[in-house]
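Report on one structure; see the data block that follows.
In what follows, chains are A, B, ... by sequence order, proteins preceding strands, each numbered from 1.
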Number of protein chains: 2
Amino acid sequence: MSPNRPSTHPAQQGAPTQQGASPPQQRAPRGSARDKLIAAAHTTVRKQGYAATTVDQICAAAGVTKGAFFHHFASKEALAVAAAEAWTERARPMFEMPPHTRARDPLDRLIGHIDFRFAMLDGPVEEFTCFVGTMVQEAFATSEAIRAACEASIAAYCDALAPDIAAAMEVYGAPEGVTALGLARHIQAVLQGSFILAKTTNDPAIARESVTHLKRYVRMLFAPPGPA
Amino acid sequence: MSPNRPSTHPAQQGAPTQQGASPPQQRAPRGSARDKLIAAAHTTVRKQGYAATTVDQICAAAGVTKGAFFHHFASKEALAVAAAEAWTERARPMFEMPPHTRARDPLDRLIGHIDFRFAMLDGPVEEFTCFVGTMVQEAFATSEAIRAACEASIAAYCDALAPDIAAAMEVYGAPEGVTALGLARHIQAVLQGSFILAKTTNDPAIARESVTHLKRYVRMLFAPPGPA
DNA sequence: GACAACATACCAACTGGTCGGTATGTCGAT
DNA sequence: ATCGACATACCGACCAGTTGGTATGTTGTC
């Protein structure tokens, strides 16, 4: 659950409000502040965590003022909830775009998805880790609204993954006690855990190692049980 | 990076400052403040996260004043580092005490350990989750000292787990590419990830589900490959 | 074994800066 | 001329860290 691609709107401008030059420098188009604040929350919270991120920092990263912030969001917590919902949307293309989603065999689609997640584990840690996973760690006991929003986002991911797993189970069978949603949740757990390990070492390699184990597990689950 | 080492003292007493009895109720024994502060940091940070936890809260939970805090620790960050080191010590008995550690078969010891971790996944979420895993999420990019301390704690856990895995690999073999330390790290990743899922639902059940998958994976890894 | 000199452990009150949030003003589109 | 979308200026609460003190050992000396 962590594509760095905010397919977001055409209007996009990372830089702070300063414009150097001559002609009729226009400011950012009206109506763009909300999206920019959410995007800024994603990047800032992924790097620093939720509590350590101040509203001023988010505003600065978004290139808007505090007035705009509290025009769009009633509180910092409200932004967090909105950002969690936006995160779910941002993850959706992962289940539609990549080539493996067109594979005929459901197990190929599932393994393809894991490979896809594996390939994301590269570059700076804060660019592939999960916004909602980071946030729920801090807020699960102190903000019921944030916790619920994060739960919904994770659940949406698992729900999106489950159909392919269910189909694979029908084709290849699976051991007693394995369910599609349960395995989807386990995949999510391994990803989240691999993010934490990557943070401890500040290096994605340790995360790839774990996802490799995950891939092997899925392969073994759906392998024909008997002799070769 | 500086836990002030007052080469600590024999005196020990878990409880807050109150004493039960009749006569001139004395305060907590000298030398106990440091340990109490670390214990308070463990519980408070596990529940609220690191950044959201204030020094005053930790002091209140420990039953000491801020003066005592800054007598023992140069900064909030220094306490975090000391608490991460203490966390490692706190985990050590897990590898020595439980009955399964005496098993003759290394795979039995390994599975026994996973069962042991499984059994811990019960009750309030903040009582079985990992202090260093929680903290490193927030601090990996902002405090190198904390990040390194958390890395060391996680590494110590994996190092403690690896020998049994290595022994199991020698007895039962293992697929190409599997290493003892690598599998130990994967086990740690699954646990950390299961904690996050438990936080999203505020319920340990989802964590147990993932650890069950982990156990099945380990069993499959070390199962004889051929026909039954 | 008593006492001066010192060190450690802790406490209460304070401070400078920061943070989430508010009150109010301005600008552009309809 | 009105309203939504911002910007500016500001506030009270809070927070990490400081200061200046007291109480309780510990140690060296005679």
Side-chain angles (χ1 to χ4, degrees), chain A residues 9 11 13 16-19 24-38 40-41 44-45 48-81 138-139 142-143 145-146, chain B residues 2-13 16-17 24-38 40-41 44-45 48-82 138-139 142-143 145-146:
Chain A
H9 311 224
Q13 181 193 0
T17 27
Q18 205 62 316
Q19 241 105 346
Q25 49 158 97
Q26 64 225 39
R27 49 172 110 177
R30 286 171 74 85
S32 65
R34 190 189 146 94
D35 290 335
K36 288 197 291 186
L37 284 165
I38 287 177
T44 313
V45 170
Q48 308 182 349
Y50 172 69
T53 297
T54 71
V55 172
D56 285 318
Q57 278 178 332
I58 296 174
C59 292
V64 305
T65 62
K66 234 174 178 178
F69 184 102
F70 285 100
H71 174 72
H72 288 287
F73 304 103
S75 63
K76 187 188 176 187
E77 184 186 34
L79 165 69
V81 170
E138 302 177 53
T142 47
S143 167
I146 294 179
Chain B
S2 43
N4 313 357
R5 289 261 135 211
S7 70
T8 17
H9 298 221
Q12 187 74 334
Q13 179 196 2
T17 25
Q25 51 157 101
Q26 64 227 43
R27 47 173 114 182
R30 281 172 73 85
S32 66
R34 188 189 147 92
D35 291 333
K36 288 196 293 187
L37 283 165
I38 287 178
T44 314
V45 169
Q48 308 183 348
Y50 173 68
T53 297
T54 71
V55 171
D56 284 316
Q57 279 177 333
I58 295 173
C59 292
V64 306
T65 63
K66 232 181 189 174
F69 183 103
F70 284 100
H71 172 74
H72 288 287
F73 305 103
S75 64
K76 187 188 176 189
E77 184 187 33
L79 165 69
V81 171
E138 302 177 54
T142 46
S143 167
I146 294 179

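Summarising the geometry, the separation between CZ on A:Arg34 and P on D:dG4 is reported as 16 Å, rounded to the nearest angstrom. Computed from coordinates, the B:His71 NE2 to D:dT18 P distance equals 15 Å when rounded to whole Å. Atom NZ in A:Lys36 sits roughly 14 Å away from atom P in D:dA5 (whole-Å rounding).
Here the straight-line distance linking atom CD of A:Gln48 with atom OG1 of B:Thr142 works out to 7.0 Å at 0.5 Å rounding.
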Mind listing the side-chain donor-acceptor pairs of residues 58-68 of chain A below 3.5 Å, one per line with the distance, residues two or more places apart or on another chain?
none

In the 5'-to-3' direction, what one-character label does each nucleotide of nucleotides 16-23 of chain C receive under the scheme B = base within less than 4.0 Å of a protein heavy atom, S = sugar-phosphate only, - = no such atom? ---SBBB-
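A:Phe69 meets the ring pair (Phe, Tyr, Trp, His ring centres under 6.0 Å) test with A:Phe73; sequence neighbours excluded. With sequence neighbours excluded, no residue satisfies side chain to side chain donor-acceptor pair (under 3.5 Å) with B:Thr44.
Sorted pairs that involve residues 70-79 of chain A and meet salt bridge (charged side-chain N to carboxylate O under 4.0 Å, His left out), not counting sequence neighbours, are lacking altogether.
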